[in-house]
Amino acid sequence: MKSHAKAVVIGGGVVGCSVLYHLAKSGWTDIMLIERSELTSGSSWHAAGGFHTLNGDPNVAKLQAYTVQLYKEIEEISGQSCSLHLTGGVMMADTPERMDFLRLAHAKGRYLGMDTELITPSEAKAMFPLMDETNFVGAMWDPVEGHLDPSGTTHAYAKAARKLGAEIVLRNRVVELTQEVDGTWNVVTERGTVKAEHVVNCGGLWAREIGRMVGVELPVLAMEHMYLLTEPMPEVEEFNKSTGREMIGVLDFKGEIYTRQERNGILLGTYEKACKPWSPVSTPWDFGHELLQPDIDRIAPSLEIGFKHFPGIEKAGIKQIINGPFTFALDGNPLVGPVQGLTNFWCACAVMAGFSQGGGVGLALSNWMVHGDPGFDVWGMDVARFGEWATLRYTNAKVRENYSRRFSIRFPNEELPAARPAQTTPLYDTMIANNAVMGDSWGLETPLWFAPRGSEPKDVVSFHRSNDFRPIGEEVRATRARVGVTEIANFAKYEVSGPGAEDFLNRLMTNRMPKTGRIVLTPMLNEFGRLIGDFTIAKAGPRGGEERFMIWGSSAAQKYHMRWFEKHLPKDGSIRIHRFDQTLVGLSIAGPKSRDLLQKLVDVDISTKAFRFMDFREMAVGGAPCMVNRITYTGDLGYEIWMAPAYQRLVYKAIKEAGEEFGLVDFGMRALLSMRLEKNFPTWFRELRPIYGPFEGSMDRFIKLEKNDFIGREAAAKEQAEGPKLRRVSFIVDAADADVMGDEPIWAKVGGKDYGTVEKPHGYGAPRFDAGGKEVRGSNAAEGASAVRGIVDGNWRVVGWVTSGGYAHYVEKSMAQGYVPAALAENESAGLFEIEILGHRRPARINVEPPFDPSGEKMRT
Ligand SMILES: Cc1cc2nc3c(=O)[nH]c(=O)nc-3n(C[C@H](O)[C@H](O)[C@H](O)COP(=O)(O)OP(=O)(O)OC[C@H]3O[C@@H](n4cnc5c(N)ncnc54)[C@H](O)[C@@H]3O)c2cc1C
């Protein structure tokens with residue numbers, strides 16, 4: 001075993017071996033993988049080996065598609081077979097709601113390059129004759145599904161990595177990790193210490209223990225999982241003989257089960273409701289190649305449904321029940337990337353579908369380590385997406401919830417209850433007393449809407465407009481007509497201070513920093529000129545002679561952004577960044593009477609001239625020390641008021657009392673989002689994401705190319721000079737009783753004209769590999785996208801995708817935002833566009849100017 005390596009990968013499961021292979025392929029050959037026992041000594045050896053491309057997050061779906069493509073390549077390089085069976089598979093819907101869900105998934109596939117097809121239950125039965133098709137209303141066929149040999153596949157990655165120069169050390173446990181002042185890691189193993197620049201945690205079932213070696217509690221938990229194997233079945237053999245094909249894979253939402261052919265019998269696995277965590281606090285180091293005791297009672301309810309839906313299987317004898325543990329994060333997607341607060345400590349763990357996701361995880365992580373950027377939009381699996389609130393117990397509750405709903409539909413207005421409430425503000429009880437329906441916003445309880453007195457504050461979950469529609473409309477109309485107040489504690493808040501703070505921010509942000517007492521809005525770019533943040537920044541008065549800036553951004557991106565800020569901080573410690581989290585909370589008041597209301601609570605002049613639009617001021621509100629921004633996301637006259645939590649009740653009470661004479665109402669997050677729609681305002685993570693450039697995102701007026709050399713400036717200048725290929729636009733949609741949710745395809749009547757590539761950009765900027773293993777380097781979001789099949793319908797084509805939308809209650813219009821080719825972005829013609837909502841194409845029209853207050857007069861008043 002060598003004593004130095006550029007990178008040490010801990011763990012020889014399918015994920016560790018994939019990371020090793022991808023690092024070697026990227027040119028890092030001074031690397032080693034250290035495995036406690038033999039390869040596949042965690043979950044990997046007893047996996048059912050199934051793979052598929054579909055995922056709720058389209059970006060993760062793309063990485064799954066890459067994984068499936070990769071198997072041929074590693075087989076060729078290693079000479080080791082993965083025993084690939086590309087059978088295809090179906091998802092079966094038993095209710096109209098589940099069919100709506102499949103329609104949505106199919107619609108998304110239109111711009112993702114997926115070949116899915118909606119089929120009848122009888123068509124599904126023809127490919128899997130063991131089912132009773134009368135239990136179902138429809139199905140979706142996906143040709144890119146199948147199964148493989150988990151052990152062979154892990155060894156194929158390992159052999160391919162070795163061939164490229166990587167070292168693999170077996171039967172040697174990593175027992176400790178320490179870091180030198182210069183950043184070098186000491187990887188202490190049973191057989192000596194290895195000095196490494198980078199450490200990757202691919203510990204699978206022990207990922208949590210490896211995290212603890214560096215003081216990090218990763219939100220990951222192993223669950224017991226069972227699947228059964230039947231004796232050989234004559235029906236299966238007969239089908240194979242008569243058709244010359246294998247039976248396909250089937251996913252049954254209702255039973256939370258999956259089934260497929262295995263040899264000449266059937267494999268059937270369950271995600272049972274009465275699920276069970278395995279080793280919930282710590283994983284024993286001596287756990288090896290053993291299976292857990294099967295518990296047939298636990299899976300009996302799922303089997304009952306399974307045997308009803310697939311009566312052909314019930315008749316077969318059960319040969320074996322496998323029960324093994326594997327790990328999950330809170331939302332079922334992996335934890336990948338550098339851990340915020342540590343240097344060169346990387347994660348690739350909580351990979352619950354190693355054979356669907358392992359390749360994509362390896363590719364993204366190796367890009368990140370070698371080139372400083374994952375090269376893809378990997379937010380859906382970024383280790384930074386969970387906050388400190390994801391403690392051991394929180395994780396336990398959420399993972400169990402996620403497991404038991406593995407194949408359940410999550411409705412767009414559905415809030416999941418487990419582990420809540422976690423964080424609350426001082427106003428929580430008041431909001432509950434006000435009949436608020438609360439939602440989870442990055443672990444914080446936040447009012448979504450207020451149910452009428454006397455009614456139960458609860459969402460009726462649906463893909464269609466629901467019981468919140470009317471109350472939200474009332475909140476919006478009252479705010480626009482008079483004044484409303486809402487909690488905004490769920491924004492991210494930071495303070496940047498120290499000599500040179502302004503230069504530091506000017507280097508990170510695309511807009512010029514404001515003068516003292518003023519506010520700017522500014523995107524942030526990565527080196528490839530892609531959008532990685534969107535902030536409100538105010539310059540506060542100096543403290544102790546030091547420059548001081550307040551920053552507000554997306555709550556969910558707090559760790560993601562802190563990781564970026566810390567990476568770019570000067571090493572001499574001269575600039576400090578403080579993340580407030582819930583030590584700073586807020587209230588926003590908006591509407592034409594908001595100034596009159598606020599004036600009653602402050603002792604300074606806040607008239608139009610004295611406190612202008614985009615001004616920032618520290619002032620006492622209702623007697624409490626606060627910071628006030630003259631800006632709101634409603635796009636109306638309004639204010640954001642920030643205070644320490646100890647003052648929040650005082651300020652709220654003062655606002656409520658002073659607001660009585662103006663007819664003040666409470667409004668929630670959903671009303672706020674409705675109001676931003678009618679102003680064409682974008683949201684971070686929906687409209688703005690790292691797959692888009694700033695001009696594609698229509699953020700032109702916030703990009704000051706001439707100000708100074710900021711990160712991403714060169715790429716942004718190129719994007720501007722060449723002209724963006726895509727543009728973010730707003731639509732008014734002729735919707736019926738359902739509005740867009742996001743990810744719907746946008747159709748245009750373009751006749752024979754070609755407006756360019758329409759596949760949603762996925763890879764960007766950073767180097768990556770093409771299907772042939774050749775390194776490619778691109779700079780435009782649309783680059784690398786391939787032609788999409790099945791998107792032409794006569795003169796109509798799919799030309800883009802929706803990012804978000806909903807009902808804009810004040811202007812009484814259904815609205816959507818999304819991306820279309822730049823050549824179409826200003827074409828407001830009626831009859832040109834249609835947006836597919838739940839399988840129905842609805843007429844839509846681009847609206848260049850926002851329908852509410854297009855001149856911005858109201859917010860500037
Ligand atoms: C019953 C069952 C069925 C499944 N079916 C499927 C399926 O159909 N499709 C699918 O995609 N996935 C399936 N899975 C999940 C799949 O097995 C996992 O996604 C995958 O194995 C995760 O791989 P990994 O490399 O992250 O972790 P692991 O396989 O757990 O590997 C981690 C490795 O790290 C090593 N290690 C840990 N700590 C140390 C240390 N300190 N020093 C050195 N080495 C260390 C361990 O020995 C182990 O070999 C199934 C799992 C189970 C249990």
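Bear in mind that the values here come from a model prediction, so they are computed numbers and not experimental data. All heavy atoms count here, side chains included; hydrogens, waters and symmetry mates do not.
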Check your understanding: Using 4.0 Å as the upper bound for N to carboxylate O, is an ion pair formed by Asp377 and Arg689?
Key -> yes
Point to revise | Residues Gln423 and Glu445: side-chain donor-acceptor under 3.5 angstrom | key: no
Point to revise | Carboxylate-amine/guanidinium proximity below 4.0 Å for Glu475 and Arg480 | key: no
Check your understanding: What's the verdict on side-chain contact (heavy atoms from CB on, under 4.5 Å) for Arg595 and Phe611, showing C-alpha distance, side-chain angles and the deciding distance?
Key -> CA-CA 10 Å; Arg595 180 176 7 242; Phe611 193 43; over 6 Å; no
Review point. Will you find, in the side chains of Asn511 and Thr522, an N or O donor that is under 3.5 Å from an N or O acceptor?
Key: no
Practice item. Locate the shortest heavy-atom distance separating Arg579 from Gln558; write the atom from each residue and the value. Key: NE-OE1, 2.8 Å
Practice item. Of all the heavy-atom pairs spanning Met859 and Phe613, show the shortest one and how long it is. Key: O-CD1, 3.3 Å
Point to revise | Aromatic centroids of His561 and Tyr494 separated by under 6.0 Å | key: no
Practice item. Give a yes or no answer on whether the side chain of Arg420 reaches the backbone of Leu416 with a donor-acceptor pair at less than 3.5 Å. Key: yes
Review point. What distance separates Leu427 CG from Thr446 OG1, expressed to the nearest 0.5 Å?
Key: 11.5 Å
Review point. If you draw a 6.0 Å radius around CZ in Arg477, do more than 12 non-hydrogen atoms from other residues or ligands fall strictly inside?
Key: yes
Check your understanding: Do the rings of His568 and Trp564 sit parallel, tilted or perpendicular, given the 30° and 60° boundaries?
Key -> tilted
Check your understanding: In terms of heavy-atom contacts, does CZ of Phe710 have more than 12 from other residues, nucleotides or ligands at under 6.0 Å?
Key -> yes
Exercise for review: Using atom types as modelled and distance alone, determine if a side-chain donor or acceptor of Ser674 lies under 3.5 Å from a backbone N or O of Tyr807.
Suggested key: yes
Exercise for review: Answer yes or no: is there a donor N or O on one side and an acceptor on the other, between the side chain of Lys493 and the main chain of Ala489, under 3.5 Å?
Suggested key: yes
Check your understanding: Where do Phe450 and Pro471 come nearest, in terms of heavy atoms and distance?
Key -> O-CB, 3.6 Å
Practice item. Decide, yes or no, whether a salt bridge links Glu217 with Arg212 under the criterion of side-chain N to carboxylate O below 4.0 Å. Key: yes
Check your understanding: Within the distance-only criterion (no hydrogens, no angle test), does the side chain of Lys593 pair as donor or acceptor with the backbone N or O of Gly484 below 3.5 angstrom?
Key -> no
Check your understanding: Does a side-chain N-to-carboxylate-O contact under 4.0 Å join Lys653 and Glu657?
Key -> yes
Review point. Taking 4.0 angstrom as the limit, do Asp666 and Lys656 come out as a salt bridge?
Key: yes
Review point. Where do Asp459 and Trp449 land on the side-chain hydrogen bond (donor to acceptor under 3.5 Å, both in side chains) test, with the steps shown first?
Key: CA-CA 10 Å; Asp459 277 310; Trp449 59 284; 3.0 Å; yes
Exercise for review: Ignoring hydrogens and angles, state whether a donor on the side chain of Thr425 or Glu487 is under 3.5 Å from an acceptor on the partner side chain.
Suggested key: yes
Point to revise | Stepwise side-chain hydrogen bond (donor to acceptor under 3.5 Å, both in side chains) check, Asn526 with Asp373 | key: CA-CA 9 Å; Asn526 64 13; Asp373 190 281; 3.3 Å; yes
Practice item. Inspect the contact between Arg543 and Glu495 and indicate whether a charged nitrogen and a carboxylate oxygen are less than 4.0 angstrom apart. Key: yes
Practice item. Determine whether more than 12 heavy atoms belonging to other residues, nucleotides or ligands lie under 6.0 Å from atom CD of Glu660. Key: no
Exercise for review: Over 60° means perpendicular and under 30° means parallel, so classify the ring planes of Trp389 and Trp442, tilted if in between.
Suggested key: perpendicular
**Study point:** side-chain hydrogen bond (donor to acceptor under 3.5 Å, both in side chains) between Thr424 and Gln582, intermediate numbers included
**Key:** CA-CA 9 Å; Thr424 55; Gln582 297 316 322; over 6 Å; no
**Study point:** NZ/NE/NH1/NH2 to OD/OE distance under 4.0 Å, Arg713 and Glu527
**Key:** no
Check your understanding: What do you reckon, are the aromatic ring centroids of Phe685 and Trp379 less than 6.0 Å apart?
Key -> yes
Exercise for review: Applying side-chain contact (heavy atoms from CB on, under 4.5 Å), run through Met643 and Leu584 and close with a yes or a no.
Suggested key: CA-CA 6 Å; Met643 72 287 300; Leu584 188 69; 5.7 Å; no
Review point. Do NZ/NE/NH1/NH2 and the carboxylate oxygens of Glu415 and Lys458 come within less than 4.0 Å?
Key: no
**Study point:** Lys/Arg-Asp/Glu bridge criterion (N-O < 4.0 Å) met for Arg563, Asp382
**Key:** yes
Practice item. Give a yes-or-no answer on whether the side chains of Asp331 and Asn402 include a donor-acceptor pair shorter than 3.5 Å. Key: no
Exercise for review: Ignoring hydrogens and angles, state whether a donor on the side chain of Arg630 or Ser594 is under 3.5 Å from an acceptor on the partner side chain.
Suggested key: no
Review point. Can you check whether Ser804's main-chain N or O pairs, donor with acceptor, with Arg686's side chain at less than 3.5 Å?
Key: no
Practice item. Please report the C-alpha distance between Thr803 and Glu687 in whole Å, then the side-chain angles of each, then the deciding distance to 0.1 Å, and finally whether the side-chain hydrogen bond (donor to acceptor under 3.5 Å, both in side chains) criterion is met. Key: CA-CA 5 Å; Thr803 47; Glu687 282 72 43; 2.8 Å; yes
Practice item. Look at Glu640 together with Arg617 and state whether they make a salt bridge at an N to O cut-off of under 4.0 Å. Key: no
Review point. Under 6.0 Å between the ring centres of Phe580 and Trp642?
Key: no
Check your understanding: Is a side-chain donor or acceptor of Ser574 paired with a backbone partner of Pro570 at a separation under 3.5 angstrom?
Key -> no
